[in-house]
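Just so it is clear: chains get the letters A, B, ... in the order the sequence lines come, proteins before strands, and each one is counted from 1. Remember, predicted model here, so these are calculated numbers, not experimental data.
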Amino acid sequence: MTTTTGPGPLATRRLILQGAASVALIGLGNLPFAPVRAAANDKYPEEAFKQKSEADAIKALYGKTAEPSDKIKLDAPEIAENGGVVPISVTTTLDKVTSISFFVAENPSALAASYKIPDGTVPSVANRLKMAKTTNVTAIVEADGKLYSATKEVKVTVGGCGG
Amino acid sequence: MAIRRRDFLKSTAAVAASVGLPRLARGNEAAGIYDIERFGNARILHLTDTHAQLNPVYFREPSVNIGVSEMTGRPPHLVGRAFLERFGIRPDSADAYAFTCVEFEKSAGRFGKLGGFAHLKTLIDRLRGDAGEKHSVLVDGGDLWQGTGLANIMRGRDMVEAANLLGIEAMTGHWEFTYGEQALRDNLDHFKGEFLAQNVFLTEEAAFNDARAFDKASGRVFKPSTIKELGGYRVAIVGQAFPYVPIAHPKRFTPDWTFGIREEELQKHVDALRGNDKVDAVILLSHNGMDVDLKLASRVTGIDVILGGHTHDAVPQPIAVKNASGTTLVTNAGSNGKFLAVLDLALDKGKVSDVKYHLLPVYSELLKPDPAMAELIGRVRAPFVTDWTEKIATPDRLLYRRDNFAGPVDELICAALRTELDAEIALSPGFRWGVTALSGQPLTMEDLLAETAISYPETYVQEMTGAEIKDVLEDICDNLFNADPYYQQGGDMVRAGGLGYTCMPTAAIGSRISELRLDNGKALVANHRYKVAGWASVNGQQGAPVWDVVGKYLRSGRMMPERLGSGVTLKGVEGNPGIAGQG
C-alpha cells in the first residue's frame, strides 16, 4: 500500500499503524485515492457510494436488510471533539465475518467505508468519519451471509458554554 | 453584622442525617456544627469547583435547575422548598441559606458569606486532626485554578500555592486545561499533590510525534490514579477530568489531547486496582457532572463512591446507585468554597463496610481564618488589589448568575454588549461559576472579573440569520436537556439579550425552541440577518475583553435595563420541582 499526501492517505496510514493492515480498505467515502483490494474479484462498490440514504446504500451494497445485534461493539464518541475526524471502531464476536461497513445517516452520501474481512482475520476495524452534523452512525457486519447492525448517535455540536 | 450562633447550631443537624441505606450508619445530632463524631478508619475530605475564590463569597443557589427524562424531580434537580423538603432542612435555617435560594437576600444579612481558603484551612486542619495522623486525605475535584481576575492573570499559580498550603494531595481538572498545556505543566511542577485523569489521552498525531505522556503505551497523558494508605487500608483514588474540554472550550488550548467519558478504560483500570493492586476501596474523583456520574455509577462496577463536581450541585446526601456488582454512592459538593465534603469510611479487607457523609457549609463567620493562609492570600493579591478595588457601580438589585436560563449578572453583561457593541442581540455563555453581589453594595472590578475571568474573553460582533440563531440555541439547549446524560456537557443555557423565546426542555433537539422574538416584539425571521454580539467564543476572536466592555458600560452610570426577566417562556415542565415555586 502506498501513501501520498492529503487527508485521505494519512487516515489510511493510521489504519496500518493501528495494526489493521490485514484489513483491505476498499473505500473511504469520496476521498481521492485509488482503492486497494484484497482480492482480485472485489469490485469497487461505486453504486453504493453514490446513494444518498442509508437504506439505499445498504441495499446497493448488500441487497438485503440488517437486524440489530448485541454482538457488535461500536465505539464512537457521544459528542465529537472535531466533526471533521470522528474516531470510530467496530469489533464483533459474530462468526464467519466477511465484511464490515460504516454508514453516516445524515451525510450527503451515507456509506462512509466498507471493508472486506478475509477468512481468518480478526473482525476489528477503525476509521475516521467526517460528519457535518449530529446523526446516527451505523456499523453493518456481514456474517455467515446475514447482515447485522449496531447504531450510535454522535453529536456534532457548536460547542462552548461549559460550566 | 450580628451572627446568631444559636441559629447556626440548631439548624444544621438535619443535614448530617442518614442517607437511609442499610449500608450507611445513622448520623448523630452534632453538638457543634463542625464536631463530627469519629466514625470508621479513613476520612476523605473533598473540595470541588472552588473557582479560585480565595476569599469568602456570597453565592445564591439556583431557582431553576430542571431535570428531564429519568432525572425529573430527582436530586440534583430539586430547588427551593422542594429541595428543603427532600433533605429535611428547616426553611429559615442557616442550611436553607447555604443549600438553596430560599429567602437568599434576607438570609445573606443574617448568616454572611461562605467559604474562603483561610477559613477552609482552619476547618480542614481541624477535621484532619480529629481523624488522626495517616487516617485522612484531602482531594480536589477541579475548577480550582479559574474564576477570579487574580487566577486568570496568574494562570492559576496563586491557586497552586493555596492548594499546597491547604494540603491538597490529589486533584483532577476542567478549567485548568484552558490555560494551555505549558501553563498547566508549569503549575503541576509546583503542585505538591498529584494531578489525576484516567480519561485524557494523546491524540494519534501527538502519540505518533512522541508527545509527552504519563504512559506512552496507553497514551494516557496523566497518572490515572493514586493509592493512599489510610488507617492501615489501601484506598485508590481515580481521577476523571471533565470529558468535554475540547468541545466546551477552544480546542487550541489542548490540541494534543483527546478526552471523553472513557467508561471502558475506567472499568479496566478499576478492575486492575482491585485485582492487581488489591486495594480495599475505590473512589472516583470526578468532574463529569452529577447526571453523568449517576449514569456512570449504574454501568461501571467496583467503585465505592464517586466524589463529584462540575455541575455545582450542593447535594447534602449521597445518592445510592445499583449496578451489576453492587452499589455506588454518588455525591456532588457544590461550588465556590461554600462546602467541604467529609466522607468517613469504615474499611475492612477488600471492602467498604460502612460510610458516613457530611456536606458541611463553610460559614466564614464561624471559623477563624488560618493566619498562614490569610498571609498567602494577602501576598498574592497585593500586586493587583489596588487596581481592582475601585467601585464601578452600585447594583440596584441582587446580581446572581446560577439558573438554567437567565440571571441578572448575564442580563447585565448582555445589556452592556448590546449597548457598547451596538448589536440587536447579545449572547452570553451559561457558566455556573461567578459569585453573587448584593443590591446596594459597591461593585468593584474584582467582582466583575469574578464573573468573566477566562483565558478567551474576547468579544465579537457578527451577523447571523434567524435560522442560525435558532440552531445555536437548539444545540446548546440539547447540551443541557438531552435525555441521555452522556450527551450533556453541564453548564446552563446560553443567555440571550434582546431576544425572547419559548423553550420546551422535554422536547427533542430541533423542537425545543420556538416563538423567537426581538425585544420590540417582532418575530425573528429565519432568513433575515441580525447583528449579534457575544464573548467566550470557541473560535478565535479579536474584540476587547468582555470585562473592559462591561466595565465601560457600568462606569458610564448605566445599570440594568428596565425590563426584568429572561424573556424565556417555559413549556411542558409544569409541576417540575426543578423550578422554584413548583412541585
Under 6.0 Å from the [atom1] atom of [X], do we count more than 12 heavy atoms belonging to anything else shown?
X        : atom1 : answer
A:Lys152 : NZ    : yes
A:Lys73  : NZ    : yes
B:Lys216 : NZ    : yes
B:Lys470 : NZ    : yes
B:Lys251 : NZ    : yes
A:Asp119 : CG    : no

* Asked: Are any of the side-chain heavy atoms of A:Thr157 and B:Gln489 separated by less than 4.5 Å?
  ->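 Of all side-chain heavy-atom pairs linking B:Gln489 with A:Thr157, at least one is under 4.5 Å.
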* **Closest contact, heavy atoms only, B:Asp478 versus A:Lys155** =>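 For B:Asp478 versus A:Lys155, the nearest heavy atoms are OD2-NZ, 2.9 Å.
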* Asked: How close do B:Asp475 and A:Val156 get, heavy atom to heavy atom, and via which atoms?
  ->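 Of all heavy-atom pairs spanning B:Asp475 and A:Val156, the closest is OD1-O, 3.9 Å.
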* Starting at CD of B:Gln488, measure out to CD of A:Glu78 and round the result to the nearest 0.5 Å. =>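 Nearest 0.5 Å value for the CD-CD distance: 11.5 Å.
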* Asked: How far does CD1 of B:Ile509 sit from NZ of A:Lys133, to the nearest 0.5 angstrom?
  ->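 NZ of A:Lys133 is found 10.5 Å from CD1 of B:Ile509.
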Of the backbone (N, CA, C, O) and the side chain (C-beta and beyond), which part of [X] lies under 4.5 Å from a heavy atom of chain A, both, or neither?
X        : result
B:Trp535 : neither
B:Thr258 : both
B:Tyr244 : side chain

